[in-house]
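Notes follow the structure.
Start at 1 with the first residue, then count along the sequence. Small disclaimer: the values here were computed from a predicted structure and weren't measured.
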Amino acid sequence: MLGSIRAWGAAILTLAGVAAAPPAALHAQQAPPAPTPAANTVEAIRARGTLVCGVNTGLAGFGAPDAQGRYRGFDVDFCRAVAAAMLGDPERVRFVGTTTQNRFTALQSGEVDLLSRNTTWTFSRDTALGFDFPAVTFYDGQGFMVRADSGVSRGSEIGGATVCVQPGTTTEQNLADWARANRIQVQPVVIERLEEVTGAFFAGRCDVFTTDVSGLAATRAAQGARAEQYRILPDVISKEPLGPAVRQGDPRFADIVRWVHYAMVAAEEFGITSQNVEQAARTDPRPEVQRLLGRTGDLGQMLGLPNDWAVKVIRAVGNYGESFQRNLGPIGIQRGPNRLWTEGGLQYAPPFR
């Protein structure tokens, strides 16, 4: 069993079975402003010549600046892919670091055109907040991480523990729902910024850290030689379909974002990579590949893009599998449900016809 519980100021709330505060109460003071109608995002991007993309402030493998200050990661690649499709250049992106608290306001207000930062598609975000989620780029679920020497091997054993969690997230609500459903008492330590909440966990200010399993793996891997001191429990307590978000009311931009993802998925299925895409565009005889890469048909025109838009995307960031392996493979994240449908996974592109 975990060690003694630490009380940490007024940030700590108590969840105890049915006596826990309802999830709505956890978010009552954090609701973003009402959505505003979307402008013509495509024309705005073209006029300024740059896509403005909201990303994570520092989550290894998904979105973080490197030592030279250049943003890299799986979600960052997606921003560059959209820029390549729309502007012909994957470098014509301005990245804006966003937190769990300000990301939705940044999108609603027009500060960013696109949000690409491990954000879960939910009913309320799709309706009440006025967003569209064009595609699921990463299927995930919420889990728990503890110290390896804690003696804890299952989520059911964390009763009485302090749990580090970020506010304004599905993670916070899932923790409340799970604790209530299982009549387990935990004490959330609610901290806004990712680097601060992980710092609190590694400093021992809370016994457990909870977020998406991919986030736990990324956070653990960032510890380097100390990674073995921490264990990710096998429990997965939620479904977390993660993907880019756009403002409602601009279907053309949503279509572009949607089909950029599907182009990357289809390219992997067809065996088209960043290395062979130019040759495939010239010589691959398969009719769907010809349409995807713009040799025949007018799919690009239907999106208001050049017919070779998918060639530019794949050349810039690779197919879905290339981006996944380049960014997430080094930190130990497995494909799992993000395998192609042909390999038993959930990633599936509608036909390009």
From CA spacing to verdict: side chain to side chain contact (heavy atoms under 4.5 Å, CB included), T219, F202:
CA-CA 10 Å; T219 300; F202 291 124; 3.5 Å; yes
In Å and rounded to the nearest 0.5 Å, what is the CG to CZ distance from L242 to F133?
9.5 Å
Measure up the Y320 and F324 rings against each other and bin them: parallel (under 30°), tilted (30 to 60°), perpendicular (over 60°).
tilted
Go through I184 and W178 one step at a time and tell me if the side chain to side chain contact (heavy atoms under 4.5 Å, CB included) criterion holds.
CA-CA 8 Å; I184 294 175; W178 174 84; 3.6 Å; yes
Are R258 and D255 close enough, and set up right, to give a salt bridge (Lys or Arg N to Asp or Glu O under 4.0 Å), and what steps lead you there?
CA-CA 5 Å; R258 176 179 300 111; D255 279 347; 2.6 Å; yes
Is a donor on one side and an acceptor on the other found under 3.5 Å between the side chain of R147 and the backbone of G204?
no
Examine R125 relative to F104 and say whether NZ or CZ is less than 6.0 Å from the centre of the six-membered ring and inside a 45° cone about the ring axis.
no
Can any side-chain N or O of R193 pair as donor or acceptor with the backbone N or O of E195 at less than 3.5 Å?
no
Is it the case that the side chain of N307 and the backbone of G297 share a donor-acceptor pair, with hydrogens and angles ignored and the cut-off at 3.5 Å?
yes
Show your reasoning for whether side chain to side chain contact (heavy atoms under 4.5 Å, CB included) applies to F253 and N40.
CA-CA 8 Å; F253 184 53; N40 190 325; over 6 Å; no
May I ask you to decide whether E288 forms a salt bridge with R286, counting only side-chain N to carboxylate O separations under 4.0 Å?
no
Would a distance-only check, ignoring hydrogens and angles, find a side-chain to backbone donor-acceptor pair under 3.5 Å from D250 to T41?
yes
Aromatic ring proximity, centroids under 6.0 angstrom, F352 and Y262:
no
Donor-acceptor pair, R94 side chain versus V52 backbone, under 3.5 Å?
no
Any donor-acceptor pair under 3.5 Å linking the side-chain atoms of E240 with those of S238?
yes
Is a side-chain N or O of D66 found less than 3.5 angstrom from the main chain of Q68, in a donor-acceptor match?
yes
For the residue pair F209 and F201, categorise the inter-ring angle as parallel (less than 30°), tilted (30 to 60°) or perpendicular (more than 60°).
tilted
Using a strict 4.0 Å threshold on nitrogen-to-oxygen distance, state whether D177 and R180 make a salt bridge.
yes
Would you please classify the geometry between the F138 ring and the F74 ring as parallel, tilted or perpendicular, with 30° and 60° separating the classes?
perpendicular
Can you see whether T162 engages D207 through a side-chain donor-acceptor pair at a distance of less than 3.5 angstrom?
yes
E228/R220 ion pair, N-O < 4.0 Å
yes
Donor-acceptor contact present, side-chain D75 to main-chain N118, <3.5 Å
yes
Atom CD of residue position Q334 - does it have more than 12 heavy atoms of other residues, nucleotides or ligands inside 6.0 Å?
no
D235 (side chain) donor-acceptor with G155 (main chain) under 3.5 angstrom
yes
Residues E268, R335: salt bridge by 4.0 Å N-O rule:
yes
Would you find a donor on one side and an acceptor on the other, under 3.5 Å apart, between the side chain of Q290 and the backbone of T296?
no
Do the non-hydrogen side-chain atoms of F62 and I333 ever get within less than 4.5 Å of each other?
yes
Do any N or O atoms from the side chain of T98 and from the backbone of V55 form a donor-acceptor pair under 3.5 angstrom?
yes
Taking 4.0 angstrom as the limit, do E196 and R205 come out as a salt bridge?
no
